[in-house]
Each structure stands twice: as C-alpha cells, then as structure tokens.
*Asks:* 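Have a look at this one.
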Number of protein chains: 2
Amino acid sequence: MDLLHSDTSYPAGSKVLEAGCGVGAQTVTLARNSPDAQITSIDRSADSLKEARARVDSLGLTNVHFRQADIFALPFEQESFDHVFVCFVLEHLSRPSEALAALKTLLRPGGTITVIEGDHGSAYFHPDSATAREAIRCQVELQRRVGGNAMIGRQLYPLLVSAGFNAVHVSPRMVYVDAGRPDLADGFTRKTFAAMVEGVRESAIAAGIVEPEIFDAGIQALYRTAEEDGVFCYTFFKAVGIESLPGRRR
Amino acid sequence: MDLLHSDTSYPAGSKVLEAGCGVGAQTVTLARNSPDAQITSIDRSADSLKEARARVDSLGLTNVHFRQADIFALPFEQESFDHVFVCFVLEHLSRPSEALAALKTLLRPGGTITVIEGDHGSAYFHPDSATAREAIRCQVELQRRVGGNAMIGRQLYPLLVSAGFNAVHVSPRMVYVDAGRPDLADGFTRKTFAAMVEGVRESAIAAGIVEPEIFDAGIQALYRTAEEDGVFCYTFFKAVGIESLPGRRR
C-alpha cells in the first residue's frame with residue numbers, strides 16, 4: 001500500500017534486512033521501491049518463504065535473497081546490515097522489545113530501522129455500532145491469547161526508544177474512507193478490514209468469546225460503514241529509528 | 001491551531017460568514033488568514049460576542065463584523081455570502097442537518113462551506129486505560145443529554161452530502177503525540193484534552209453517570225499518556241463543500 005511504503009527507498013548497494021517477510025506481501029513493494037538495494041528477507045516458516053520467493057520471482061525482481069530464520073535466533077553477524085525493515089510482525093510477538101533489541105545488534109552505526117504496524121483500537125466508523133466494536137474486540141482478544149497485540153501501532157515510539165534507537169520518529173498513516181472514495185470503501189473497508197475480522201468468526205466462537213449472532217451482526221455493521229452514508233477510519237503507524245552513531249552510543 | 005486552519009484563506013473582498021463564533025477563539029485565526037475578506041461572525045450569545053469582539057479588537061484586526069443571531073433564524077438574505085465557516089459548532093446542535101441546510105441558502109452559487117469538528121471517539125492512547133475511556137465517555141454522554149454529539153467529526157461527509165452540498169471533501173487532521181513532541185504533550189494532551197475532560201467532573205458525578213473514584217482514576221490515566229513512554233491520538237475532521245453552480249442545482 002502506497003500510504004505505508006512510498007517514503008521508504010534504500011540507496012543502491014545498501015544491505016537491507018526484512019525481518020518476518022511472511023508470504024512476501026510487503027517484500028514485493030520493498031524490492032520495487034529499492035531496486036538497487038540488496039534485500040535479505042527472513043521468515044521462520046519455510047512454507048511462507050516458498051510462497052514469498054515464488055511471488056518475487058514471478059514479478060522478475062532479482063534483488064531479494066530469502067533465508068529461513070527466527071527473529072529470536074538471527075544467523076547474521078553484528079552490524080551486518082545498513083537498514084532493517086519490519087512490517088506487520090511485532091503485532092504477533094509476545095516479546096516485541098526483545099525482537100527490536102536483537103535486530104538492533106545487526107545494524108551498523110547510523111543504520112536505520114523502519115517498523116510498520118496497524119492498531120485495531122484505531123478503528124472507528126459511522127454508523128457507530130456496539131456489535132461491530134465487539135467483533136473487532138474478538139480479533140484483538142484472539143491475538144492476545146496467542147501472545148500478540150493487535151493494538152501495538154500506537155506503542156511504536158516507546159518501543160523503539162526503549163530498545164535504544166535514536167531520533168525515533170513516528171508518523172501515523174490514517175485511512176479515511178467515505179463514499180467519495182469508493183475504491184477505498186471496497187478495497188479497504190470491505191475487502192481488507194471487514195473481511196479480516198470476518199475471518200476470525202469460527203475461532204472467536206470456538207473460543208467462547210462471542211455469541212454467533214452478536215458477531216454476525218457486528219460484521220454486518222462493519223460492511224454497513226462502506227455504504228453511501230458510511231465512514232470508516234483506521235490508522236497504521238510507521239516508525240523510523242537510527243542506530244547510534246559511533247561515539248554517540250548510549 | 002495551524003493543523004486545522006492553515007489551508008483556509010478567503011480571497012480579498014469575499015464575504016464570509018462565521019456561524020457560531022463563540023468567544024472568538026477561531027475568529028482570530030480566520031481573520032488573520034484572510035486579512036482582506038469581509039468576515040461576519042455571528043453567535044446567539046451576546047456575552048460571547050462581547051468577548052469575541054474584545055479579543056479581535058485587542059489584536060488590531062479590523063475585518064470582522066459581529067452580529068447577534070441564531071443559526072436557526074438567520075437574519076441574512078439568500079445567497080448573500082461567498083463562503084461559510086463553521087468550527088466546533090455542529091457538535092452542540094441537536095439538528096445539525098437543518099443548520100447546514102439553513103446556512104446553505106445563504107451561499108451564492110459556487111460558494112463554499114467549511115466545517116471543522118472534533119470526534120471524541122477518535123481518542124486512543126498508550127497506556128490504554130478503561131477508566132480513561134470511561135471519563136471520556138462521560139463527556140460524550142453529557143453532550144448527548146443536551147442534544148449534542150461529541151463524535152460528530154466522522155459524520156461530516158454524510159451530513160454535508162445530505163444537506164445538498166457538492167464536491168464534498170473531508171480531510172481528517174490527526175493529532176499524534178509522543179514524547180518526541182513535548183509541546184503537543186503539554187499543549188494538547190494535558191492542557192487541551194485531559195483538562196477539557198477533567199472539566200466535566202462535577203457535572204458527570206452530579207448526573208450520576210460515573211463514580212468519582214472511577215472518573216478521577218480516568219483523568220489520572222489520561223495525564224499519564226503525556227509522560228515519557230505515553231502516546232495520545234485524536235482526530236479532527238475538516239470538510240469543504242460547494243453550493244451548486246448555476247444550472248447544476250440539484
């Protein structure tokens with residue numbers, strides 16, 4: 001999504017680590033926006049990596065090297081990267097601070113880390129709906145139960161600062177959708193957000209955290225916000241921090 | 001606040017109506033940003049107008065004419081203004097749609113309306129706090145009980161469209177505050193938002209909608225978000241619509 005990625009472009013020859021590339025959804029944009037950077041994309045899942053590699057290959061992108069690795073057991077030398085890029089990863093981790101600290105050791109002095117996360121607590125809409133909020137809460141609660149945090153976006157500044165990065169700058173990227181923006185109503189409200197929440201229906205019901213009729217009413221209310229008189233708001237957060245310059249180590 | 005006003009400047013000679021100027025907090029910025037426009041600022045309260053006039057006079061601004069008037073009984077001829085400006089007013093009205101319709105009749109064809117409103121449902125923060133959310137809810141509930149809507153910001157698009165304005169464009173103006181922005185932590189999180197919510201303490205307790213200890217804990221939690229590891233987010237909405245051009249009337 002251009003809103004999140006357009007201002008990230010790494011110089012020719014720079015060594016970039018994408019930590020947690022998953023199936024490569026972000027890798028493609030990263031590689032396109034930095035065509036002459038050397039990108040190393042890691043994920044702990046071999047299956048995801050396979051899919052990511054196929055996706056990147058099919059687009060003819062040749063500047064990405066894939067490697068199976070865990071963020072908490074990184075197989076790289078200290079200070080071996082110029083930049084680290086982390087997108088939609090911290091939300092899944094029970095120890096995001098430790099992950100950032102581990103990634104920090106891989107950066108050369110003066111190198112940067114870029115972190116992008118969503119925040120499900122940033123979603124609000126018209127018509128407002130208690131059941132829609134309840135359906136979203138199900139996703140937050142399910143993610144919490146597996147150790148994650150679906151509202152981590154707002155925390156990027158303190159997380160990066162406490163990990164020791166300097167000059168941390170966070171820029172929120174708000175997605176605002178009304179009927180004057182029909183592409184977003186369809187592409188974001190309906191097909192991204194509402195569909196994502198709808199996707200946890202079985203898990204949420206099985207976990208006993210919602211009644212089926214409440215959840216279904218909530219999903220209906222979410223889709224309702226994409227109609228002619230509806231409005232939907234959601235905010236992503238993008239943070240950039242710098243690894244201390246030599247002589248300025250903290 | 002520059003975030004809200006910097007992109008509103010009316011041409012020399014244009015006739016501008018500021019509807020609901022209150023004590024002139026916005027009038028000053030409006031008059032400064034459009035020094036050669038003829039601004040008419042109305043409010044139904046004579047006391048507020050007096051204060052607004054004193055404020056404008058003390059700054060040497062000479063392009064504002066004040067007049068006591070009610071938005072629902074406007075003492076102007078149809079199509080007598082080039083532009084209408086409404087800031088932090090609709091949130092107080094039980095019939096915002098009717099107010100917009102009434103204001104619309106005052107605009108010449110091709111004239112614009114600009115509406116700015118906050119949305120208390122857009123506030124979220126770190127550390128998150130149920131009591132802080134409860135304290136904010138008190139303000140929303142009190143405003144609702146006097147016929148207002150403290151979450152009207154998100155509704156500006158459908159409101160302006162249903163009032164018949166054309167080419168309605170809404171731009172959210174998010175205030176994002178972390179410790180890297182100490183001026184905002186002090187000026188916005190503490191002295192604007194938390195102080196405003198704190199101001200309804202007695203009314204909320206008297207109305208029986210909150211226990212004092214819950215409210216006080218909530219206020220403390222709100223101020224807490226302005227500390228070193230805290231984050232605070234709030235969004236204003238600014239909408240501009242155009243009165244139909246001749247021959248394009250709906």
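Numbers restart at 1 for each chain; the letters A, B, ... are given by sequence-line order, proteins then strands.
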*Asks:* Report the distance from atom NE2 of H169(B) to atom CZ of R181(A), rounding to the nearest 0.5 Å.
*Replies:* 5.0 Å
*Asks:* For Y157(B) and G180(A), work out which heavy atoms get closest and say how close.
*Replies:*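 Looking at all heavy atoms of both residues, the shortest contact is OH-N, 3.1 Å.
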*Asks:* Out of D229(B), T235(B), V168(B), D178(B), which one racks up the most heavy-atom pairs below 4.5 Å with chain A?
*Replies:* D178(B)
*Asks:* Which atoms form the tightest heavy-atom contact between P172(B) and Y176(A), and what is the distance?
*Replies:*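 Heavy atoms of P172(B) and Y176(A) come nearest at CG-CB, 3.5 Å.
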*Asks:* Strictly less than 4.5 Å between heavy atoms, which residues of residues 114-133 of chain B line up against chain A? Please order them by number.
*Replies:* D119(B), G121(B), S122(B), Y124(B), F125(B), H126(B), D128(B)
*Asks:* Are more than 12 heavy atoms from other residues, nucleotides or ligands located less than 6.0 Å from atom CD of E228(B)?
*Replies:*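 No, not enclosed.
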*Asks:* Count the heavy atoms belonging to other residues, nucleotides or ligands that lie under 6.0 Å from CD of E141(B), then report whether that count exceeds 12.
*Replies:* yes
*Asks:* Is A179(A) close to chain B through its backbone or its side chain, or both, or neither, when contacts mean heavy atoms under 4.5 Å?
*Replies:*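 Its backbone and side chain both get close to chain B.
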*Asks:* Is the number of heavy atoms from other residues, nucleotides or ligands under 6.0 Å of Q220(B) CD greater than 12?
*Replies:* no
*Asks:* What closest approach, in Å, do R154(B) and V231(A) show between heavy atoms, and which atom pair accounts for it?
*Replies:* O-CG2, 3.2 Å
